[in-house]
Amino acid sequence: MPLTARLKKQPPAENVLAGDPLGVHPLAEADREEALAFLAGRSVGAIFMSGLLYDNGPGSPLNRGAFCVFRGGAGELEGVALIGHATLVEARSERALEAFAALAKRCHTAHVIVGEQSEVERFWARYHEGGQQPRRVCRELHLELRWPVPAAEGEASLRRATPDDLPAVIEVNADMAERESGVNPLETDPEGFRQRTLRRIEQGRVWVGTDDRGLLFKAEVMAETPEVAYLEGVYVRPEDRRRGVGRRSMSQLARTLLANSRVVTLLVNDENKGAQSFFLATGFRLRGYYDTIFLSRM
């Protein structure tokens, strides 16, 4: 059975687009290229949305939400958003931002809102009254890496993960997710979490380094376009940190990714000073600041 058929089907943001009273429309397949052009060269949220559109198309349950657009009176595109488990908004007008915020209030399964600091503040000012309340708010640094990639001493033995690596990757991912969000996905959605991780492995998006003691290094390419490769879940085994393992592995991975994308980018929690030092030492540079708002369940 194809993997997509095994995935638990997710309703598109609880049909929040039904009735379309807000001037917001579902993103149709025929409009995908226009949406990708709109999102190009924009924020991390735009990169993530672009990756989903490249991988799944606009109407797939794998997106865990509903892609929608806002158009002006002359039909021009003023905003693209994903409303669902993760809410991401790219708006070029106040009316688009207001419409997306009003729409997002209807989605009671939302887990997180992510965006550039100033944009999230503007969105939240329109969303918070009547929407889900924050459970946790994190400030994050947006870091970027471009050529040239600093050299690292020694060689890394990085490879694409296989399904045999799934148990180790899931264990690490669940721990990282709980530390960041306060929610363990193995407790809230174990089968969906497993299948999403397996799909990334099957897509060749999970990179690992292993030794006779197990998982040594891991990183996941959550979105990859000709412009940008967006990383999440970068992990170095605790007892092997500050020994050059991470720098060698990241150097190898960055060189591989930059052969196909112009930039490698990621977000790192403002409170995680160790991770910040690691990424800056491997050549990443500060691009800006983001806010991540984890929402309470309604």
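The figures here come from the full heavy-atom set of this structure, side chains too, leaving out hydrogens, waters and symmetry mates. Because the structure is a prediction, the values reported are computed rather than measured.
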Salt-bridge criterion met for [X] and [Y] (N-O under 4.0 Å):
X    : Y    : result
E239 : R213 : yes
E29  : R32  : yes
E98  : R95  : no

How about [X] and [Y]: do any of their side-chain heavy atoms sit closer than 4.5 Å?
X    : Y    : answer
V228 : V264 : no
V268 : F278 : no
C68  : H25  : no
K273 : D270 : yes
R262 : L258 : no
Q133 : L295 : no
L186 : E171 : no
D165 : T162 : yes

With rounding to the nearest 0.5 angstrom, report the [atom1] to [atom2] distance, [X] to [Y].
X    : Y    : atom1 : atom2 : result
I47  : L88  : CD1   : CG    : 11.5 Å
R64  : T109 : CZ    : OG1   : 9.0 Å
L257 : T265 : CG    : OG1   : 12.0 Å
D291 : I113 : CG    : CD1   : 10.5 Å

Which heavy atom of T197 sits nearest a heavy atom of F193, and at what distance?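 Distance-wise, the nearest heavy atoms are OG1-O, 2.9 Å.
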
Any donor-acceptor pair under 3.5 Å linking the side chain of [X] with the backbone of [Y]?
X    : Y    : result
R160 : G204 : yes
E76  : A74  : yes
Q132 : S296 : yes
N63  : G57  : yes
D31  : E34  : no
R194 : P167 : no
T87  : I83  : no
Q252 : L158 : yes
K105 : E129 : yes
R71  : E78  : no

List the steps and the verdict of salt bridge (charged side-chain N to carboxylate O under 4.0 Å, His left out) for R200 and D55. CA-CA 11 Å; R200 285 194 296 276; D55 288 348; over 6 Å; no

Please evaluate residues S43 and E90 with respect to the criterion side chain to side chain donor-acceptor pair (under 3.5 Å), reporting the C-alpha separation (whole Å), side-chain torsions for both, the decisive distance (0.1 Å), and the verdict. CA-CA 8 Å; S43 70; E90 289 294 322; 2.2 Å; yes

Using the test side chain to side chain contact (heavy atoms under 4.5 Å, CB included), find all partners of R242 that sit at least two apart in sequence or belong to another chain. none

Taking the inter-plane angle between the rings of H85 and H111 on a 0 to 90° scale, is it parallel (under 30°), tilted (30 to 60°) or perpendicular (over 60°)? parallel

When the ring planes of Y127 and W124 are compared, do they come out parallel, tilted or perpendicular, using 30° and 60° as the limits? tilted

E140 side chain to T292 side chain, donor-acceptor N/O pair below 3.5 angstrom: yes

Sequence neighbours excluded, every pair satisfying ring-ring contact (aromatic ring centres under 6.0 Å, His included) that has a member inside residues 158-186: none

Stepwise salt bridge (charged side-chain N to carboxylate O under 4.0 Å, His left out) test for R287 and E116: CA-CA 11 Å; R287 173 74 182 272; E116 291 177 302; over 6 Å; no

Could you tell me whether Y289 and H142 have their ring centroids closer than 6.0 angstrom?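 Ring centres of H142 and Y289 not closer than 6.0 Å.
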
Check step by step if side chain to side chain donor-acceptor pair (under 3.5 Å) holds for E180 and N269. CA-CA 8 Å; E180 183 70 14; N269 194 298; 3.2 Å; yes

State which residue, out of R237, R248, M250, fulfils the side-chain contact (heavy atoms from CB on, under 4.5 Å) condition with F217. M250

